[in-house]
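To find a chain, count down the sequence lines: A is the first, B the second, and so on, and within it residues start at 1.
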Number of protein chains: 2
Amino acid sequence: MGIIEKRAKHKEEFRREILDSAREVFINDGYDGFSMRKLAEKIDYSPTTIYLYFKNKDDLLFAICEEFFANFFAELNHIRSVFRDPVETLRQAFLYLMNFGLKNPNQYKLIFFTKSVYGTREELVEQVSMARNTYFVFKEIVQDCINAGKLRKIEVDVIVDTLSMASHGVIAKNIHCANFSKERSDVAAHTLVDILLRGLQK
Amino acid sequence: MGIIEKRAKHKEEFRREILDSAREVFINDGYDGFSMRKLAEKIDYSPTTIYLYFKNKDDLLFAICEEFFANFFAELNHIRSVFRDPVETLRQAFLYLMNFGLKNPNQYKLIFFTKSVYGTREELVEQVSMARNTYFVFKEIVQDCINAGKLRKIEVDVIVDTLSMASHGVIAKNIHCANFSKERSDVAAHTLVDILLRGLQK
DNA sequence: TAACTATATTAACAGTGTTAATAATAAATA
DNA sequence: TATTTATTATTAACACTGTTAATATAGTTA
């Protein structure tokens, strides 16, 4: 494809193409394995062209993260509208995140373990982002359980922290133990969920 | 220091010096931030000299990991000899790992999250290593609780998996949430331990 | 003294993220 | 229509990276 054909593309459309290719490379090769030159070759452009559409490597990652959180946010709202029991809602919300991680460990790692793309907690809460929205709705799901008097007397923020810790741990273990079979991983993960909700409830 | 003085050093002693400096660089700058050239400058040798004492970058990391597991192994045996109640022994064993991670998140990350230095679970169990020894003694601590009839009917390997998941999660969260205050981190972590042991016991 | 071994060095290869300068085309204006 | 301007793409370059090959030097032994 020559330079003339390349110019025919529309800006937004091309940005999407770059982002989709970038996600593939990020997920397949990890944050370190990803390279601007590799992505450039994949989309058949020079490496510097990417810089016209994204500030840098981390800007690409940020865009990918926001897309994930947009989906997660929508799913949490859906779960909330479907389940009536607050504890069951919490369980399903947690399971969704964990199962996403088990099915897409590389993407989970990319979003949660690679870099602190959203800065500090204060910065996350101050700046508008899908990550912020997701954080708030998850917190509300926990608060619903507390309001219904279902949980032991533990600060809502602490519960949110412990649950995200647990989810992170499931995926971290899954990634670290190279030959952790899918079945074994699932068994341990779901056992952990049971233990957690058992230990949390009155 | 000229080439003549450098030659006076003894091999084993020098290997130690390199390893200690390498640990510092690895912990301060992370796995990616570490570079052979950086380490070489620190010890005032050329980068290639390091290759006479260690096979490569990952060989340095392996040596650092083995040192950690040697300490962890010794500590687990000590805890086991001090506490009588098996559940309390398990709690202390778990707390030791978790608190190490909270105090040394970068080193914990280096050992558990960076690379699968010990390969698959099968490879870990087959090859002699301090990591293997540590794995076995931790499993025995859990088995003692089961033998004493203190825990719910859950496979010992599954319990070990869930506990290591939890510990990994605490540290992963601690690292990811940039401005997670030390206090907040400690509260969530210790709450998680309570929830876990509560959910595990009969 | 000559040969050999151990230890250290420099130079090089192929790769990285990113910036600066430049070319070329499309669009807008005189 | 001719000319200027804006947009988009390019190449070249900088300072890094892990690692290997070839080379030089010092110490030990025959």
Side-chain angles (χ1 to χ4, degrees), chain A residues 1-65 110 114-117, chain B residues 1-65 110 114-117:
Chain A
M1 182 164 56
I3 197 166
I4 298 162
E5 292 90 339
K6 284 183 180 179
R7 287 193 172 271
K9 294 193 179 178
H10 289 197
K11 184 129 189 172
E12 274 309 309
E13 190 185 335
F14 188 30
R15 208 187 120 99
R16 263 246 67 80
E17 270 185 55
I18 295 174
L19 198 58
D20 288 337
S21 293
R23 192 189 306 100
E24 277 185 51
V25 180
F26 264 125
I27 290 173
N28 284 330
D29 303 352
Y31 180 83
D32 303 325
F34 175 96
S35 87
M36 299 301 260
R37 286 174 172 85
K38 215 182 271 181
L39 172 58
E41 193 165 13
K42 192 180 171 74
I43 61 175
D44 199 33
Y45 277 75
S46 74
T48 48
T49 298
I50 301 163
Y51 286 87
L52 299 172
Y53 298 86
F54 295 92
K55 229 176 70 190
N56 52 30
K57 178 174 171 175
D58 286 339
D59 192 34
L60 278 160
L61 179 57
F62 176 79
I64 290 167
C65 287
L110 189 70
T114 304
K115 285 225 164 183
S116 205
V117 286
Chain B
M1 182 162 60
I3 196 166
I4 297 163
E5 291 91 339
K6 285 182 179 179
R7 286 188 174 274
K9 294 193 180 179
H10 289 198
K11 184 128 189 173
E12 274 309 310
E13 188 185 337
F14 188 30
R15 208 187 121 99
R16 265 245 67 81
E17 269 184 54
I18 296 175
L19 197 58
D20 288 336
S21 293
R23 193 189 306 101
E24 278 185 50
V25 179
F26 264 125
I27 290 173
N28 286 329
D29 304 352
Y31 180 81
D32 304 324
F34 175 96
S35 87
M36 298 301 260
R37 287 175 172 84
K38 215 181 270 181
L39 172 58
E41 192 164 13
K42 193 179 171 75
I43 61 175
D44 198 34
Y45 277 75
S46 75
T48 47
T49 298
I50 302 163
Y51 286 87
L52 298 172
Y53 297 86
F54 295 92
K55 228 175 72 189
N56 53 28
K57 179 174 170 174
D58 285 340
D59 191 33
L60 277 159
L61 179 57
F62 177 78
I64 291 167
C65 287
L110 188 70
T114 304
K115 287 224 161 182
S116 207
V117 287

(request) Give a yes/no answer on whether the side chain of B/T49 brings an N or O atom under 4.0 Å of OP1 or OP2 in C/dT9. (result) yes

(request) State, with a plain yes or no, whether a side-chain heavy atom of A/L61 is found less than 4.5 Å away from one of A/L110. (result) yes

(request) Figure out the OH/P separation between B/Y53 and C/dA6, and round it to whole Å. (result) 12 Å

(message) Using whole Å, what does the distance between atom C1' of nucleotide C/dA6 and atom CZ of B/R15 come to?
(response) 17 Å

(request) Mind checking the CG-NZ spacing from A/N28 to A/K38? Nearest 0.5 Å is all I need. (result) 9.0 Å

(request) Kindly compute the distance separating CD1 (B/I43) from CD1 (B/I50), expressed to the nearest 0.5 Å. (result) 4.5 Å

(request) Enumerate the residues from residues 22-35 of chain B whose closest heavy atom to DNA chain D is under 4.0 Å, giving them by residue number; use none for an empty result. (result) B/F34, B/S35

(message) Is the positively charged end of B/K57 above the ring of B/Y31, judged by distance under 6.0 angstrom from the centroid and angle within 45° of the axis?
(response) yes

(request) Measure the spacing between CZ of A/R15 and CG of A/L52 and express it to the nearest 0.5 Å. (result) 12.0 Å

(request) Check each residue of residues 54-61 of chain B for a non-hydrogen atom within less than 4.0 Å of any atom in DNA chain D, then write out the ones that pass by number, or none. (result) B/N56, B/K57

(request) Kindly state whether the ring of A/Y45 and the ring of A/F14 have centres lying under 6.0 angstrom apart. (result) yes

(request) Rounded to the nearest 0.5 Å, what's the gap from CZ on A/R23 to CG on A/L39? Could you check? (result) 12.0 Å

(message) Rounded to whole Å, please give me the gap between CD1 in A/I50 and P in D/dT8.
(response) 15 Å

(message) In whole Å, I'd like the distance from the CD atom of A/E41 to the P atom of C/dG17.
(response) 13 Å

(message) If I take atom CG in residue B/L39 and atom P in nucleotide C/dA8, what distance separates them, rounded to the nearest angstrom?
(response) 14 Å

(request) Report yes or no: is there a donor-acceptor pair, N or O only, under 3.5 Å between the side chain of A/R37 and the base of C/dG17? (result) yes

(request) Measure the shortest side-chain to side-chain distance between A/Y53 and A/L19 over non-hydrogen atoms and say whether it is less than 4.5 angstrom. (result) no

(message) Expressed as a whole number of angstroms, how long is the span from B/Y51:OH to D/dT19:P?
(response) 4 Å

(message) With hydrogens left out and only the distance checked, is there a donor-acceptor pair under 3.5 Å joining A/T48's side chain and the base of D/dT11?
(response) yes

(request) Using whole Å, report how far CD of A/E17 lies from P of D/dA9. (result) 11 Å

(request) Please state how far atom CE in A/M36 lies from atom C1' in C/dG15, giving the value in whole angstrom units. (result) 15 Å

(request) Begin from the C-alpha positions of B/V25 and B/S21 and carry the test side-chain contact (heavy atoms from CB on, under 4.5 Å) through to its verdict. (result) CA-CA 6 Å; B/V25 179; B/S21 293; 5.5 Å; no

